[in-house]
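Accompanying notes for the structure given below.
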Amino acid sequence: MSRRRKIYEGKAKILYEGPEPGTIIQYFKDDATAFNAEKHAVLDGKGVLNNRLSEFFMTRLAGIGVPTHFLKRINMREQLVKKVDIIPLEVVVRNVAAGSISKRLGIPEGESLPRSLVEFYYKKDELGDPMVSEEHIAAFNWASPQEMDDMVSTALRVNDFLAGLFSAVGIRLVDMKLEFGRLYEGDTVRTVLADEISPDSCRLWDLETNEKLDKDRFRRDMGGVTEAYAEVATRLGIIKQTSDLATVVDINGERSGAK
Ligand code: UDP
């Protein structure tokens, strides 16, 4: 296993060649970055929690018929996924104003939006992932009209489903970022949900107190980042209680040098 080939190392994940052709292993690191990697930290146990949380969301979404790249979780930090070509766009869905839309349009953080908004950002680190319009996407051929349709309708469906799932456990889904990939099957190609869904890529606020339970705790130096992720996992019934975090991390062999 340790001899397997690394395909790509990103800010929070490493991708390795999978055991079968057409598969990839996603390894979740503890690294956290923000502001285009200007800010960096290692947060003990974050990777373990994001692996579990992303497995949970992808499995639930597959259950309602959303096509995803997810196959199975392998261990505490790794999951097996189908190999896809990532479409070079970040698809952001927003329900409540926060972050860049508040800054750009002067809408106070926390104000509900009149309807769920879908935005596109071009994935290009050197440019800081600029926001782009459908015109740009069509002109530069980053995604086909069919893929755009698939991404928008799936993003809204994912948003409705996850907003309900979160609200049942007292959490508001403020916004989230999704990524999609092209899955080649014979001579057909399908658009599937890829990458990860976790508190690294969503804004999650406690419904009653508005306490932040997501990566903004890291971006804004609020502390308690992993504890907040563990709180989300606890409320969703993925781990037993917040104090379980130690156990979740401890039984991961890699931290004790077992792998
Ligand atoms: N987001 C992300 N990766 C990025 C940029 C944004 O996962 O590279 C997520 C972010 O966590 C939030 C949503 O997308 O849930 C909207 O982010 P926003 O545009 O407000 O940007 P930010 O304020 O994070 O710079």
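Since the structure is predicted, the reported quantities are computational estimates derived from the model, not experimental observations. Just so you know, ligand 1 is whichever comes first in the structure, and atom 1 is the first atom listed for that ligand.
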What is the nearest protein non-hydrogen atom to [atom], stated with its residue, atom name and distance?
| atom | value |
| --- | --- |
| atom 4 (C) of ligand 1 | Glu90 OE1, 3.4 Å |
| atom 15 (O) of ligand 1 | Asp175 OD1, 2.5 Å |
| atom 3 (N) of ligand 1 | Lys177 CE, 3.6 Å |

Margin query: Taking the side chain as everything from C-beta on, heavy atoms only, tell me whether Lys82 gets closer than 4.5 Å to Val192.
Written below: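 With C-beta onward as the side chain, the pair stays apart.
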Next item on the list: Kindly indicate whether the side chain of Leu71, heavy atoms from C-beta on, has any atom under 4.5 Å from the side chain of Thr23.
Entry: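 Heavy-atom side-chain distance check passes, below 4.5 Å.
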Note to self: Once you measure the plane-to-plane angle for Tyr16 and Tyr27, does it fall in the parallel (<30°), tilted (30-60°) or perpendicular (>60°) bin?
What the structure shows: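 Tyr16 vs Tyr27 ring planes: perpendicular.
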Note to self: Strictly less than 4.0 Å: does any protein heavy-atom distance to atom 25 (O) of ligand 1 fall in that range?
What the structure shows: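 No, there is none.
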Note to self: Among all the protein's heavy atoms, is there at least one whose distance to atom 6 (C) of ligand 1 comes out below 4.0 Å?
What the structure shows: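 No.
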Check: Side chain of Arg235, backbone of Val169: donor and acceptor closer than 3.5 Å?
Finding: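 Looks like yes, one N/O pair under 3.5 Å.
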Next item on the list: Using atom types as modelled and distance alone, determine if a side-chain donor or acceptor of Asn159 lies under 3.5 Å from a backbone N or O of Val93.
Entry: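 Not at all, since once roles are kept as given, no pair shorter than 3.5 Å links the two residues.
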In terms of atom number and element, which parts of ligand 1 are under 4.0 angstrom from non-hydrogen atoms of [X]?
| X | value |
| --- | --- |
| Tyr121 | 19 (O) |
| Arg94 | 16 (C), 18 (P), 19 (O), 20 (O) |
| Ala98 | 20 (O) |
| Gly99 | 20 (O), 23 (O) |
| Asp129 | 8 (O) |

Notebook entry, point to check: Hey, is Glu119 touching ligand 1 through its side chain, its backbone, both or neither, going by heavy atoms under 4.0 Å?
Noted result: neither
Check: Taking only residues two or more places apart in sequence, or in another chain, which ones meet Glu147 in a salt bridge (charged side-chain N to carboxylate O under 4.0 Å, His left out)?
Finding: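 With neighbours one apart ignored, the set is Arg182.
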Could you tabulate the donor-acceptor pairs under 3.5 Å formed by side-chain atoms of residues 57-68, not counting sequence neighbours?
residue	atom	partner	partner atom	Å
Thr59	OG1	Glu55	O	2.5
Thr68	OG1	Phe70	N	3.0

Next item on the list: Compare Arg219, Lys215, Arg203 and give the one whose heavy atom is closest to atom 23 (O) of ligand 1.
Entry: Arg203
Next item on the list: Could you walk me through whether Asp149 and Gln146 pass side-chain hydrogen bond (donor to acceptor under 3.5 Å, both in side chains), step by step?
Entry: CA-CA 5 Å; Asp149 274 3; Gln146 176 67 56; 5.3 Å; no
Note to self: So for Asp200, does at least one of its heavy atoms come nearer than 4.0 angstrom to any atom of ligand 1?
What the structure shows: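 Contact check Asp200 vs ligand 1: positive.
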Checklist line | Heavy atom of Lys103, distance to ligand 1 below 4.0 Å | finding: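 No; Lys103 lies far enough from ligand 1 that no heavy-atom distance drops under 4.0 Å.
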Notebook entry, point to check: Could you go step by step and tell me if Glu231 and Tyr229 meet the side-chain hydrogen bond (donor to acceptor under 3.5 Å, both in side chains) rule?
Noted result: CA-CA 5 Å; Glu231 171 69 20; Tyr229 288 29; over 6 Å; no
